[in-house]
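Working notes for the structure below.
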Amino acid sequence: MALLQQRKQEIITDYQVHETDTGSADVQVAMLTERINKLSLHLRTNKKDHASRMGLLKMIGQRKSLLAYINKGSQERYRALITRLGIRG
């Protein structure tokens with residue numbers, strides 16, 4: 001279920017705030033969204049995998065708190081990020 005290093009690098013370059021940024025909240029939300037999407041596909045075929053479902057819920061909670069942090073800092077940045085990721089709506 002882990003992301004490949006090449007895909008991680010693509011996400012980092014797409015969502016980084018500046019050139020040396022690898023761990024800003026935007027990048028973390030994008031990485032979590034990618035992992036959540038992959039795990040959601042897994043759970044559609046493996047309905048009884050409750051351990052993975054718990055991990056999914058933890059990731060969703062972590063993404064929610066990171067999005068709240070971004071929203072508190074800048075609503076324009078928050079709206080741009082959720083629109084770009086295609087979440088919330």
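Values below: all heavy atoms of this structure, side chains included; hydrogens, waters and symmetry mates excluded.
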task = Under the side chain to side chain donor-acceptor pair (under 3.5 Å) rule, what do Asp21 and Ser24 come out as? Steps first, then yes or no, please.
result = CA-CA 6 Å; Asp21 175 28; Ser24 69; 2.8 Å; yes
task = Kindly indicate, with the supporting measurements, whether the criterion side chain to side chain donor-acceptor pair (under 3.5 Å) is fulfilled by Ser52 and His50.
result = CA-CA 5 Å; Ser52 294; His50 299 296; over 6 Å; no
ask   = Can you check side-chain contact (heavy atoms from CB on, under 4.5 Å) on Tyr15 and Val29, steps first, answer last?
value = CA-CA 9 Å; Tyr15 291 94; Val29 169; over 6 Å; no
message = side-chain contact (heavy atoms from CB on, under 4.5 Å), that's the test. Do Gln16 and Asp26 meet it? Break it down for me.
response = CA-CA 7 Å; Gln16 64 188 0; Asp26 295 3; over 6 Å; no
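In this structure the side chain of Leu3 reaches within 4.5 angstrom of the side chain of Lys38, judged on heavy atoms. Under the 4.5 Å side-chain criterion, counting only non-hydrogen atoms from C-beta, Thr22 is not in contact with Val27.
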Just distance, no hydrogens or angles: give the donor-acceptor pairs under 3.5 Å from side chains in residues 61-69, sequence neighbours left out.
residue	atom	partner	partner atom	Å
Arg63	NH1	Thr33	OG1	3.3
Ser65	OG	Gln62	O	2.8

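With sequence neighbours excluded, the residues satisfying side chain to side chain contact (heavy atoms under 4.5 Å, CB included) with Asn71 are Gln75, Tyr78.
Rounded to the nearest 0.5 Å, atoms CG (Leu81) and CD1 (Ile87) are 6.5 Å apart.
In summary, Glu10 and Arg7 engage in a salt bridge, as defined by a charged side-chain N under 4.0 Å from a carboxylate O.
In terms of hydrophobic clustering, with Ile, Leu, Val, Met, Phe, Trp and Tyr side chains grouped at heavy-atom distances under 4.5 Å, Leu43 and Leu57 are assigned to different clusters.
Among all heavy-atom pairs drawn from Leu39 and Gly55, the shortest one is CD2-C, 4.4 Å.
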